[in-house]
Each structure stands twice: as structure tokens, then as C-alpha cells.
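Both counts, for ligands and for their atoms, begin at 1 and track the order of listing.
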Amino acid sequence: MLGLCFHTKKLSGRVKISGSKNAALPILAATLLTDEKCVIRNVPDLEDVRITFALLRKMGKRIKFENNTVEVKGRLRNGALPEKLVRKLRASVLVMGPVLSRLGEGSFALPGGCALGERPIDIHLKGLKAMGASYSVLRGRMLFRNQRLKGAHIKLSFPSVGATENLLMAASCASGVSLIENAAVEPEIIDLCRFLKAMGASIKSAGSSYTVSGSPVLGGADFTVMPDRIEAGTFILAAAAVGGKVRIDGAEPDHLKALIKKLKASGVKINEKANSLIIIPPKITKPINIITGPYPEFPTDLQPLWAVYMLRAAGVSRIKDKIFPARFMYVDELKRLGAAMALKNAVLVINKSILSGTNLRACDLRAASAMIIAGLMADGQTRVYELRHLFRGYENFFGKLRKLGANVSMEKVKK
Ligand code: UD1
């Protein structure tokens with residue numbers, strides 16, 4: 001599939017935000033902590049979610065998915081994570097915590113690198129080892145010896161989102177109390193904690209620490225996933241970059257404070273309501289620098305979209321990514337559109353640019369949405385290839401953009 005984008009003068013209207021991908025994935029992994037039925041609502045219909053279903057099925061679960069509600073039933077039988085699924089979905093490492101705390105043993109294919117750069121899992125493994133897990137590596141797999149996990153005092157070397165989630169799940173069914181310090185506090189992790197508590201887990205959080213009292217097994221739960229703050233940020237930045245008044249419904253403004261602050265500094269008017277935001281872009285955009293960091297700092301996932309927005313700013317702006325310092329693979333593609341961007345010592349320098357449409361190749365999920373929005377700003381026609389990256393993480397992206405008046409469509413790639 002490829003995306004066809006034509007120059008669009010302005011966006012207008014309303015867009016409804018779907019459930020959060022990055023909350024749904026760990027919550028689905030957490031269903032492995034019980035053999036009782038779980039019902040999870042507001043689950044976005046996306047490729048990454050469907051891969052997670054395949055993974056859960058491999059481990060013994062039965063899945064029914066209808067109207068964004070998933071029912072997960074069945075006993076956790078198998079603790080082996082196949083390489084094919086790990087390669088398709090990095091977040092599949094999130095089943096390690098639940099599997100080891102339930103079964104005591106497991107075998108997981110080692111994850112490889114990805115388009116965002118090196119993606120180690122040393123912080124996950126150090127935490128699991130502190131809880132008593134031990135493993136050896138054989139033919140690309142980690143083989144964990146049978147060992148009941150026990151509560152531990154763990155201080156993360158960096159507040160990794162995935163490691164925090166893995167360890168919270170592992171600690172929920174370990175024996176005894178765990179204290180996890182210097183942990184991540186992203187809203188998706190708070191949503192996972194709410195789900196774990198609904199299953200009967202005992203978790204207390206204070207600042208960047210979590211105290212978890214383990215119980216041998218958790219119960220089923222009925223839960224609704226939080227709105228996707230990255231999808232909301234994507235449509236906010238689409239409105240700011242292309243222009244036009246847009247209303248974002250179903251978003252949680254509290255989760256978007258860092259973005260809203262920077263947008264306001266650039267001149268965007270934002271009308272915040274309890275569950276919606278109205279975005280009114282300025283006539284002249286001021287250049288604003290961003291540095292990404294762990295929540296509540298500016299999210300790395302919105303960095304490529306901020307770069308596209310800054311192409312209309314009257315002056316020079318800069319981006320530094322503290323989370324994924326090499327997350328600038330999209331820059332050479334945007335340059336093909338005429339974007340005046342350059343990387344200097346891992347800092348992206350952006351100048352005001354007039355864009356003209358051409359063929360682009362998406363390299364990862366957020367780069368894909370950034371390129372499509374850049375395509376709407378460019379004169380003429382832009383073709384974005386490798387759309388599979390987009391389907392991993394956005395529900396009905398083209399339908400939602402079209403509803404806002406964007407001139408976009410999808411086409412099959414001719415062989
Ligand atoms: C999650 C999000 C992703 C987001 C990222 C940062 C999901 C499914 N994905 O990814 O969209 O961009 O948070 O907000 O929720 N690191 C290590 N060792 C580890 C783990 C991480 O060095 O064991 C490093 C990573 O290479 C990276 C940084 O820590 O440089 C942040 O990674 P992490 O917070 O773990 O991100 P993910 O959970 O993979």
C-alpha cells in the first residue's frame with residue numbers, strides 16, 4: 001500500500017481519538033496474569049494489537065475482538081515466545097514479566113534492532129534477575145530456568161517504559177513486596193496499574209517509585225483503555241502544520257501538557273475542555289526548539305511531527321531526542337520534499353521551507369504519519385510508500401484525515 005497525498009489548504013472539523021496503542025499492548029500482556037476472563041474496551045484496531053492477539057493465542061488464550069472490545073479467556077499454557085512474533089513486534093518482550101511470574105520458566109527469542117536505533121532490553125533483564133530469574137542464551141533465545149520470582153528492591157538505571165511495565169507485571173504475581181525506583185511514569189503505565197489493580201494487584205505509587213505486594217494469582221477484570229495521547233498529538237500537529245481550525249474529541253489534555261506548552265509558545269491558540277481541544281493555528285508560526293525526554297517531558301513519538309510543523313515557522317528551530325538520539329531516519333526523506341533540515345551533532349536544525357511533492361519511503365510508524373502530513377503541506381502530489389508502518393499504530397488514519405478535509409487516499413503498489 002502507498003499513501004497518495006495532495007496539497008491541502010487547510011483542515012477543519014472534528015476528529016475522535018481512539019484508544020491508546022501503548023496502553024493496550026501492556027494491558028493485553030497483563031491478561032496472562034490470570035486464567036479468568038478479561039474484557040478490555042476501547043482497544044484500537046491496529047496491526048500491533050492483532051500481532052499481540054496472535055502472541056496471546058500462542059500462549060493458550062482465546063480471543064474475541066469486536067467493536068474495539070476484546071474478550072480474553074483461557075489458561076496460560078505455553079511460555080515460549082517465537083522469533084517471528086518478536087521480530088514483528090518489539091513490545092512482545094512485555095510478556096516476559098507475566099510469563100515468568102506465573103510459570104517460573106519461559107523461553108523468549110532475543111529482540112533485534114529496529115528503525116529507531118539500538119533497542120537493548122538490559123534494564124528489563126536486570127530487574128527480572130533481581131527478582132530471582134536466571135537464564136542462558138542459546139541459538140538466539142533466552143532460556144529461563146524454573147524459578148519462582150520473589151519481590152525485590154530494584155532501581156532502574158533509566159526510566160524505561162517497557163522495563164517499568166514488565167517489572168510491575170512480574171512483581172504483581174511474585175512472592176513478597178517489590179520496590180521499583182527511578183521508574184517511568186507515562187500515563188500508559190498508570191493505565192496499566194489501574195488494570196492490574198482491577199485484577200486485584202496491590203500497587204502504590206509515589207513520584208517515580210512503585211511498591212507492589214505480590215499475590216499468587218490475579219482475577220479477571222473489565223477495563224476501558226485510555227485515549228491515545230500520541231494519536232491526539234498527531235492530529236493536533238497536523239492542524240498546526242497544515243492550518244485550519246480543528247477540534248480533537250476524546251483526548252485527555254492533561255496528558256499533552258508538554259506539547260500544548262510548546263504549541264502555545266509557537267503561536268497556536270488552544271481551547272482546552274475536559275475531553276476535547278480546539279486548535280487554531282497562527283498566521284505566522286514562531287520557531288520553537290524541543291528536547292524530548294521521559295514523561296512529563298516532550299514525547300519522542302511526536303518529535304518527527306514537530307519537525308514537520310516547524311517547516312512553516314519563520315526562523316530556525318532545533319530538535320534533540322534524549323530518548324532515541326538516532327531517531328532522525330526520516331530527515332533524508334523529508335529533504336526530498338525540499339525540507340531545509342540538517343543534523344549537526346545529533347541535533348536537527350530546521351529552516352522554513354517550501355515543499356514540493358515527490359515519492360517518499362516511510363521508515364517507522366511516526367515517520368509515516370509525519371511524511372503524510374508533510375505531503376499535505378507540499379505542492380502537487382506526494383506518494384508515501386511502506387504504509388505498513390502506519391497501520392501498526394494508527395486506527396483509520398486516512399479516514400480521519402479525510403473527514404478533516406485532507407486530500408489523501410490509499411493505493412495498491414503496482415508491481
Ligand atoms: C515505549 C513506547 C514507544 C516510545 C518509548 C519512549 C510502547 C509499546 N512503546 O517504548 O512508543 O517511543 O516508550 O517513550 O509503549 N533502553 C535501554 N535498555 C532497556 C530498555 C530501554 O537502554 O532495557 C533505552 C532504549 O534504547 C531507549 C530508551 O531506553 O533509548 C527508552 O526506551 P523505553 O522507555 O524502554 O521505550 P519502549 O518501552 O521500548
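A donor-acceptor pair shorter than 3.5 Å cannot be found between the side chains of Glu186 and His255. Counting only N and O atoms by type, the side chains of Tyr135 and Gln147 include no donor and acceptor under 3.5 Å apart. In the model, Thr300 has a side-chain atom that pairs as donor or acceptor with a side-chain atom of Arg327 under 3.5 Å.
Listed by number with element, the atoms of ligand 1 under 4.0 angstrom from any heavy atom of Gly162 are 35 (O), 38 (O). Heavy-atom proximity to Asp301, at under 4.0 Å, picks out these atoms of ligand 1: 3 (C), 4 (C), 11 (O), 12 (O).
With sequence neighbours left out, the salt bridge (Lys or Arg N to Asp or Glu O under 4.0 Å) criterion links Lys264 to Glu272.
Considering backbone and side-chain atoms alike, Glu186 places every N or O at 3.5 Å or more from each N or O of ligand 1. Residue contacts with ligand 1: Val161 is placed with a nitrogen or oxygen under 3.5 Å of a nitrogen or oxygen of the ligand (distance criterion only). For ligand 1, none of its N or O atoms has an N or O atom of Glu165 under 3.5 Å away. Residue-to-ligand polar distances place Ile123 within reach of ligand 1: an N/O pair is separated by less than 3.5 Å.
Here Thr300 has side-chain heavy atoms under 4.0 Å from ligand 1, and that is the only part of it that gets that close. Here Phe158 has side-chain heavy atoms under 4.0 Å from ligand 1, and that is the only part of it that gets that close.
Sequence neighbours left out, not one pair with a member in residues 60-69 passes salt bridge (charged side-chain N to carboxylate O under 4.0 Å, His left out).
Considering only non-hydrogen atoms, atom 20 (C) of ligand 1 lies nearest to Pro120 out of Pro120, Ala163, Ala23. When Ile121, Leu365, Ile323 are ranked by how near their heavy atoms come to atom 30 (O) of ligand 1, first place goes to Ile323.
Between the Thr8 side chain and the Asn407 main chain, a donor and an acceptor come within less than 3.5 Å of each other. The closest donor-acceptor contact from the side chain of Asn289 to the backbone of Ser317 lies at 3.5 Å or more, if one exists at all. Between the side chain of Ser276 and the backbone N or O of Lys273 there is no donor-acceptor pair closer than 3.5 Å.
In this structure, His124 has a heavy atom closer than 4.0 Å to ligand 1.
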